[in-house]
Amino acid sequence: MEKNKTIIKLKEQHKSFIEKNKDFNYTNLKNENSKLISNIERCFQKNKIIKFSGFTAAMIKSEINPLCHSNSYKSFFTKEILESILKKLHHLGFDLSDNNINNTLKKENLWTQKFEDFSFYDLVKNEILFEIFNKNDFSNCENCIPNWKFSSFYAQCLRKFVKKKWSDVLRDCELGEHIKKIAKYSESEIINKLKEFNKKHGSVWFIKDLREENSKLYKAIFNNFEGIIDICSKAGIDYRKHYAQEDWDKEKVVSEIRKLYANSRRILRSDLEKSEKKEERRLCASARRLFNNDYNEALVFSGLLPEKLTKYYKRLDDPFPKEKVVKEIVDLFSKSVEAGKCYTSRKYIEINHPQLMNASLRHFKSWDKSLEYCGICPDNSRNTITASKTSKGGFAFQREVRKIFLKNNFKELKNHKDVDISKETSFCYNKKIDNCSHKKACQPDFYFKDFIVDTKIGGNALRQKDQMKRYFNHKENVIIVTLKDGKRRVFVDDHILEIINIKKFIELLNLKNVNFSELNTKLNSIKFYNNE
C-alpha cells in the first residue's frame, strides 16, 4: 500500500516539475519533498542485476523514463549496446569517420539529427529501453527531452572499449570503412612541413592552430611521432612555445574570475568544468595549474570566499528559503486569529503543508524553533491533549499489549532476576529493574530474557532518546511498539533500535487469540489530538 502511494505521489511531483519547466532529478526532488525521497529509499531497493538506484527503480514503476531525467547515463550503457548503436548509425548512412565525429562534438547537434522518420535520440532511447527496461510504458515522459550531449556518448565508447583513439573503436565494431586514410609522409617530409608551418607563422603558433589549419599534417605527426614534443625536438623547434594553447598568468585568471562573478555567473569549480563555453573550462584548468591544483585558492586570491559562495548559491537554489518559511508561518498565524482555530500546530502543518514542515526543519532544526524565530510561543500552537490525558492513553495502550501476552500464555514474573533465568515467553511488567545503577532507575514496560519492549502512543517514538540509551545498558535488543509507525531501524549511539507498529509486532511474534478488529477499535478510541 505504501509503495502504491509513493508511486502516485512521484507521478504528481513529476507532472508539477515539468509544468514549472524545472529539472526533475533526485537533488531537486529531495530539496522540495524530502519525505517522498525517504519513502522511495525505503520502498524501492537497489536493483542488484543492473545496479539501478532506488530512485531509478521508482521512476520505472511510475512510468517515468529515467533516461529523460539524468545528465549522466553511463550506467545504462554497456559495450554491447554502444556497438549496436554504432552499427545502426552505419546502416542509416551516418558518417562515423573521426573527422565528422569531431565536427559533431563541436556542434553538439547529433541528438536531434534526423534519420528518415526518427532522431538519433530515439535510436539510443529505444536501444536502451529494449535492452535494460524491457520496453516499459513510459507514457508520463512522452514530452520530456533529456539533457544529453553527444560528447558523453563519444566518451563512453572510448571508455567501454578501453581505447585511446576513435579509429580503434571502429575497428572493434568492424566498421573500418569509416576510418579515414591519412596521407603517408616520410619522417623527413613531416619535419620539413612543420618547419615551413613554423616559418609561415613567424614561430608564433599553438598546437590548436596546427590542428585547425593543417589537419593532415597534425594527424601525420601523431601517427608517426610520439607527439608534438618528439617532432619539435627533431625539427629544432622549441616545443614549449607551441605545445599548448596560450598560457594564462595569475593576473589574467584573477581578472576573468572577477569578471564572471560581476556578471552574476556562478564561478565554483563544478560550474566552470561543466560549462558549455570553452573559455570558462579553460579558466578553471588554468586556475588549478597556477594555484597548486587548488581552484579554491584561486578564488581566495581573487578576493572571494569559496565556502560562503557555496552557501550563497545553495540559498539561491532553495525552493523554500528561510524568508519564505517565516512569511508562511506568519500568514498561518493570521489565519488562525481570523478563524479562531490553530493552524500553526505541528500536526496541522505536517498534514496540510509538508513542504513548509520540511523547509522549517532544514532551516531551524525543529518546528518549535521556527515558531520562536517568528516570535510565536510554541506552547500556544499545540493542539495536543494534556500530559495527564496522554499518560492515561499510554497506560491504556500498555495494558492492551500486556493482555495480548497473557492471552498467549506468556508468564508474568515479579522480578527481573527470575526473567533472566526463565523461558523466553516470561516477562516482567512495568517494574524498576533490580539494582539499576542509573540516576533515574530504568522501568521498561516489558522486560524479557533477551530484549526490552517499550510502548509509545503516536508522535515521535524517539523523543525519549536518553531513556533508550539506558535500556541498552541492560539488554542488547530494544524494541519500541507504537500504534502506527512504519517498521524501521534507527541508530542510538552504536546500537540499533527497532521501531514497529502493534499490528506488525503481533504478526512478528505469531501471537494467537488476538481480535485485531476489537483491539483496533479500542486503540482508536485513545485520542491524541483535539479536533480543530
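Ser426 contributes no side-chain N or O that, together with a main-chain N or O of Ser422, makes up a donor-acceptor pair within less than 3.5 Å. Under the 3.5 Å distance criterion, the side-chain polar atoms of Trp367 are left unmatched by any main-chain donor or acceptor of Lys347.
By the side-chain contact (heavy atoms from CB on, under 4.5 Å) test, Arg258 pairs with Val254, Ser302, sequence neighbours left out. By the ring-ring contact (aromatic ring centres under 6.0 Å, His included) test, Phe448 is found to be paired with Phe405, Phe427, Phe451, residues two or more places apart in sequence or in another chain being considered. Remark: Phe301 pairs with Phe291 by the ring-ring contact (aromatic ring centres under 6.0 Å, His included) rule, at least two apart or across chains. For Glu412, the side-chain hydrogen bond (donor to acceptor under 3.5 Å, both in side chains) partners two or more places apart in sequence, or in a different chain, are Arg402.
The stretch residues 428-446 participates, sequence neighbours left out, in these side chain to side chain donor-acceptor pair (under 3.5 Å) pairs: Gln398-Tyr429, Asn430-Gln443, His438-Asn473, Asp445-Thr455.
The distance from the CG atom of Asn501 to the CD atom of Glu507 is 8.0 Å, given to the nearest 0.5 Å. Between the CZ atom in Arg488 and the CD1 atom in Ile499 there is a gap of 4.0 Å [rounded to 0.5 Å].
Between Val300 and Pro306 the shortest side-chain heavy-atom distance falls below 4.5 Å. Two residues are said to be in side-chain contact when any heavy atoms from C-beta on lie closer than 4.5 Å; Phe397 and Lys456 fail this criterion. Side-chain atoms of Arg266 and Leu316, non-hydrogen and from C-beta on, do get closer than 4.5 Å to each other. Here the side chains of Ile479 and Ile452 are not in contact, with every heavy-atom distance at 4.5 Å or above. Side-chain contact between Phe491 and Leu497 is absent, with no heavy atoms from C-beta onward closer than 4.5 Å. With a 4.5 Å cut-off on side-chain heavy atoms, Val478 and Val492 do not count as touching. Side-chain contact check for Arg288 versus Glu273: some heavy-atom pair is nearer than 4.5 Å. Within the 4.5 Å cutoff, the side chain of Ile329 has heavy atoms near those of the Ile376 side chain.
There is no side-chain donor-acceptor pair under 3.5 Å between Asn28 and Asn31. Checked by atom type, the side-chain pair Tyr447/Asp454 shows no donor-acceptor distance below 3.5 Å.
Cation-pi geometry between Lys335 and Tyr343 is satisfied (NZ or CZ under 6.0 Å from the ring centre, within 45° of the ring normal). A cation-pi arrangement is present between Lys324 and Phe320 under the rule of less than 6.0 angstrom and at most 45 degrees off the ring axis.
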Side-chain donor-acceptor pairs under 3.5 Å in residues 9-18, sequence neighbours left out?
unit_1	atom_1	unit_2	atom_2	d
His14	NE2	His69	NE2	3.2

Exercise. Going through the checks in order, is the side-chain contact (heavy atoms from CB on, under 4.5 Å) test met by Thr425 and Asn409?
Worked result: CA-CA 8 Å; Thr425 54; Asn409 298 320; over 6 Å; no

Problem set entry | side-chain contact (heavy atoms from CB on, under 4.5 Å) between Phe333 and Cys374, worked out | CA-CA 10 Å; Phe333 184 82; Cys374 301; over 6 Å; no

